[in-house]
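In what follows, chains carry the letters A, B, and so on, assigned in the order in which the sequence lines appear, proteins first and then strands, with residues in each chain numbered from 1. Heavy atoms only: backbone and side chains are in, while hydrogens, waters and symmetry mates are out.
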Number of protein chains: 2
Amino acid sequence: MSRLNEDGREALNSSAYAILGLLAMGAQSAYELTRQMERTLRFFWPRAASKLYEAPKLLASLGLARATHESVGRRPRTRYQISPRGEEALQRWLGTRTIAPIELESEALLRVWFGRFGTIEDLRNAIQNVQAQAQANLRWGTSIAQEYLVEGVPPERGHISALTFRFLWDFNVMLEAWATWGQRELSGWGDVEPTAERMDRAAAILREALAERLSTPPSERSPG
Amino acid sequence: MSRLNEDGREALNSSAYAILGLLAMGAQSAYELTRQMERTLRFFWPRAASKLYEAPKLLASLGLARATHESVGRRPRTRYQISPRGEEALQRWLGTRTIAPIELESEALLRVWFGRFGTIEDLRNAIQNVQAQAQANLRWGTSIAQEYLVEGVPPERGHISALTFRFLWDFNVMLEAWATWGQRELSGWGDVEPTAERMDRAAAILREALAERLSTPPSERSPG
DNA sequence: TGGGTTATAGTCCCTTTGGGAGTATTGTGT
DNA sequence: ACACAATACTCCCAAAGGGACTATAACCCA
């Protein structure tokens, strides 16, 4: 992570830049990093809390952030602040054009995929699990959106936050819609056996998916 | 991973059960595991190829699979087959009700989130990156669906595959729709500055999201 | 028939990351 | 006054990522 790249500059990974970005957004302490993680970042860049205490130390050691050791009563506290060199490094990173692809990991979908080896109840439960998570996330999103609508969007970040919000919102709406659809598909099933009728329906599902895409011009493909 | 749990049985993790499930689906060799990973599993359970050679060894050592050492010419090959105890273990796992939540990881969205610190081109590029990935995935999905429609869906798995297919399809359709919407939102932007007008628009975006959900009854929320 | 390329079949090991356990002190509410 | 939540860390083992490396087999094309 702190090896040099060809330029003789530090080769940080995206997680380090994520921390640098949070410092640029005004996070002051490692604990504040953990709060940002809990509030927002975990939905698209989940990282272990313990690492959020390590990462800024590296940035400070490279001169990309300044660390100030204070104390509150008898307890130590380290305050971090992004440095001018850190801001440049962040900008340079944002200017690069190689971006790791989106990754999705879902144990629930894994269980659906293996649904044939369990019971119909197991299969329904896996789908139900996705639905519950989506609904919980949508409630969370609703509370954040309402907070912003009442108190005003963050003046420096609202325009950007809205883009990210819409992504996560759409994702969870999609999850819930898929789960609802899936439960409906399974509504007549008493088992998970592969019957001829179910194979026909499977083919129909594939055809519908392809047809929807052909029939919807890109200009109409937008949230809402 | 191979420690005992309370029952005196092996406490495998979900990745080990994923391998067990692939063996149950008929995968014979570690190489076939890597092909399943490339074809499908990577979209919702991405794992390093090197681990796909290690994992079945563990299963074999626990009696959940049988390993047969053959040779093709002068090259060794290990064939794996799930054992009756392995099938039971898989069923027991599918019967459990604790499921890890879905995790999403997107460097592109991270860059959007930090968009304020880069240029408008950087921001557009990050969104464009999501769009390109979604389109590539949809092409991939299209080719698989067409293959199934021409050659018939897999007779033992088609009914289950269709559920998983629809999930991944909807996910990528959502990604593309979001990216299209995002590019449109940015269409008038010459920079990433937080203007009053953009803050108003941000609030409107939040309101629209909340309103859409309130106005769409669950029964109408389904793919398509 | 030869030679290049892709597919098949692995091993090894260094780094990074996850994530739990442990330890305190400070602030808040009742 | 006491409990509980929030703040503020450190340490470390196990798991996972993932690149480097080595082969042979199978296939295709000239």
Peer 1: Kindly point out which of C:dG19, C:dT17, C:dT26 is positioned nearest to the side chain of A:Arg47?
Peer 2: C:dT17
Peer 1: By the 4.0 Å heavy-atom rule, please label A:Arg35 as base, sugar-phosphate, or nothing.
Peer 2: sugar-phosphate
Peer 1: So which one's nearest nucleotide on DNA chain C is more toward 5', A:Val72 or B:Glu32?
Peer 2: B:Glu32
Peer 1: Go through C:dT17, C:dG19, C:dT26 for me and flag the one nearest to the A:Arg74 side chain.
Peer 2: C:dT26
Peer 1: Let's see if you can work this out: which of D:dC11, D:dG17, C:dA9 has an atom nearest to the side-chain heavy atoms of B:Arg77?
Peer 2: C:dA9
Peer 1: Heavy atoms under 4.0 Å, any strand shown: does A:Thr34 hit a base, just sugar-phosphate, or nothing?
Peer 2: nothing
Peer 1: So, is A:Ser50 close to the C:dG19 phosphate, meaning a side-chain N or O under 4.0 Å from OP1 or OP2?
Peer 2: no
Peer 1: Can you tell me how the ring of B:Trp178 sits relative to the ring of B:Trp181, calling it parallel under 30°, perpendicular over 60° and tilted otherwise?
Peer 2: tilted
Peer 1: Give a yes/no answer on whether the side chain of A:Lys57 brings an N or O atom under 4.0 Å of OP1 or OP2 in D:dT10.
Peer 2: yes
Peer 1: A:Arg75 has a side chain; which of C:dT26, C:dG19, C:dC12 sits nearest to it?
Peer 2: C:dT26
Peer 1: If the plane angle is over 60° it's perpendicular, under 30° parallel, otherwise tilted; pick one for B:Tyr17 and B:Trp93.
Peer 2: parallel
Peer 1: Between D:dA25, D:dG18, D:dC9, which one does the side chain of A:Thr78 approach most closely?
Peer 2: D:dC9
Peer 1: Under 4.0 Å: is that the gap between some side-chain N or O of A:Asn13 and OP1 or OP2 of C:dT17?
Peer 2: yes
Peer 1: Pick base, sugar-phosphate or nothing for A:Pro46, based on heavy-atom distances below 4.0 Å to the nucleic acid.
Peer 2: sugar-phosphate
Peer 1: Kindly determine whether A:Thr164 and A:Arg157 satisfy side-chain hydrogen bond (donor to acceptor under 3.5 Å, both in side chains), including the steps that lead there.
Peer 2: CA-CA 11 Å; A:Thr164 310; A:Arg157 297 198 34 79; 5.8 Å; no
Peer 1: Can you figure out which of C:dG19, D:dA16, D:dT10 approaches the side chain of A:Lys51 most closely?
Peer 2: C:dG19
Peer 1: Students often get this wrong, so: under 4.0 angstrom with heavy atoms, is B:Gln28 touching a base, only sugar-phosphate, or nothing?
Peer 2: nothing
Peer 1: Verify the ring-centre separation between A:Phe171 and B:Phe171: is it less than 6.0 angstrom?
Peer 2: yes
